[in-house]
Amino acid sequence: MDTHMKRAIELAIHNVQDGGQPFGAVLVKGNEVISEGVNELHKNFDISGHAELLAIRRAQKKLKTNDLSGFTMYASGEPCPMCLAAMYFVGITKIFYCQSVDDAEAVGLGKSKFIYAELKKDKQEISLDIKQIPLTAEQLNPMELWKDKEN
């Protein structure tokens, strides 16, 4: 097994021993470890405190960038939809994981599998009550403001 995956699993094991969930992540550029993370939901009461997201945040802060293209994520568990989306946003295109969302569901951590299923549905069919409230004619359009600023 790859050294970086072994480290991600080791982080997950230590996190369980510390009262957290069984998730660890290692973010690598080339063969250099740039940052690591474990799920910290139990410490900070922050639902976004997932191992992969924390590794991404730490790398961005350390390198002062929003672009992690060419980096590789090693995760003890298959990334949840939130973490996967963050990897798309930041440019990570190579991800290795050890245990699947099915493995997580089998031990009572099934939210990821549920959300992946929800994302396959049309907006009208999901379990959230989500509705658009369009801008009024009097409101400044933030999207247009951004577009004008970029040009």
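Below, each value reflects all heavy atoms present in this structure, side chains not excepted, and no hydrogens, waters or symmetry copies.
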Side chain to side chain, Leu109 and Pro22, heavy atoms closer than 4.5 Å: yes
salt_bridge(Glu10, Arg7) N-O dist < 4.0 Å: yes
Pairwise side-chain contact, Phe23 with Val38, heavy-atom cut-off 4.5 Å (strictly under): no
Minimum-distance pair of heavy atoms, taken over all atoms of Leu68 and Ala59: CD1-CB, 4.2 Å
Ser35 to Ala55 - nearest heavy-atom pair and separation: OG-O, 2.6 Å
Under 3.5 Å side-chain donor-acceptor pair for Asp67 and Thr65: no
More than 12 heavy atoms of other groups within 6.0 Å of Lys121 NZ: yes
Close side-chain approach of Leu135 to Pro142, heavy-atom, < 4.5 Å: yes
Heavy-atom closest pair, residues Ala51 and Gly37: CB-O, 3.4 Å
Nearest-0.5 Å distance that lies between atom CG in Asp103 and atom SG in Cys98: 8.0 Å
Side chains of Phe96 and Thr72 in contact at under 4.5 Å (non-hydrogen atoms): yes
Heavy-atom closest contact (Leu53 atom, Cys83 atom, distance): CG-SG, 3.9 Å
Any donor-acceptor N or O pair under 3.5 Å, side chains Asn15, Gln21: no
Rounded distance (nearest 0.5 Å) linking atom CD of Gln60 with atom CG of Leu27: 9.5 Å
Leu84 and Tyr116, any side-chain heavy atoms less than 4.5 Å apart: yes
Reported NZ-to-CD distance for the pair Lys147 and Glu144, which is rounded to 0.5 angstrom: 5.0 Å
Same cluster (ILVMFWY, side-chain, under 4.5 Å), Met82 and Phe114: no
Between CD on residue Glu105 and NZ on residue Lys113, distance to nearest 0.5 Å: 4.0 Å
same_hphob_cluster(Val90, Val26) at 4.5 Å side-chain heavy-atom cutoff: no
Pairwise distance NZ(Lys94) to OH(Tyr74) - rounded to 0.5 angstrom: 7.5 Å
Side-chain donor-acceptor contact under 3.5 Å, Glu118 with Ser127: yes
Met87 with Tyr97, same ILVMFWY side-chain cluster at under 4.5 Å: no
Intermediate values then yes/no, side-chain contact (heavy atoms from CB on, under 4.5 Å), Glu40 and Asp46: CA-CA 8 Å; Glu40 294 183 0; Asp46 174 5; over 6 Å; no
Within one Ile-Leu-Val-Met-Phe-Trp-Tyr cluster: Met5 and Val33, side-chain cutoff 4.5 Å: yes
Beyond-backbone contact of Ile95 with Pro79, side-chain heavy atoms, under 4.5 angstrom: yes
Inter-residue atom distance Ile9.CD1 - His14.NE2, 0.5 Å rounding: 12.0 Å
Other residues, nucleotides, ligands: >12 heavy atoms within 6.0 Å of Leu145 CG: yes
Shared hydrophobic cluster, Ile130 / Ile47 (ILVMFWY, side-chain heavy atoms < 4.5 Å): no
Pairs satisfying salt bridge (Lys or Arg N to Asp or Glu O under 4.0 Å), at least one member in residues 15-33, at least two apart: Asp18-Lys43
Shortest non-hydrogen contact between His50 and Cys80, atoms and distance: ND1-SG, 3.4 Å
Enclosure of Phe89 CZ (heavy-atom neighbours >12, cutoff 6.0 Å): no
Over all atoms of both residues, closest heavy-atom pair of Glu52 and Ala75: OE2-CB, 3.6 Å
side-chain contact (heavy atoms from CB on, under 4.5 Å) assessment of His4 paired with Asn31: CA-CA 9 Å; His4 302 305; Asn31 201 33; 2.9 Å; yes
Pro81 side chain reached by Ser112 side chain, heavy atoms, under 4.5 Å: yes
Residues forming a side-chain contact (heavy atoms from CB on, under 4.5 Å) with Asp129, sequence neighbours excluded: Lys131
Step-by-step side-chain contact (heavy atoms from CB on, under 4.5 Å) determination, Glu78 to Gln99: CA-CA 6 Å; Glu78 184 174 356; Gln99 295 186 284; over 6 Å; no
CA sep, side-chain torsions, deciding dist, call: Ile34, Leu63, side-chain contact (heavy atoms from CB on, under 4.5 Å): CA-CA 9 Å; Ile34 303 300; Leu63 302 173; 4.0 Å; yes
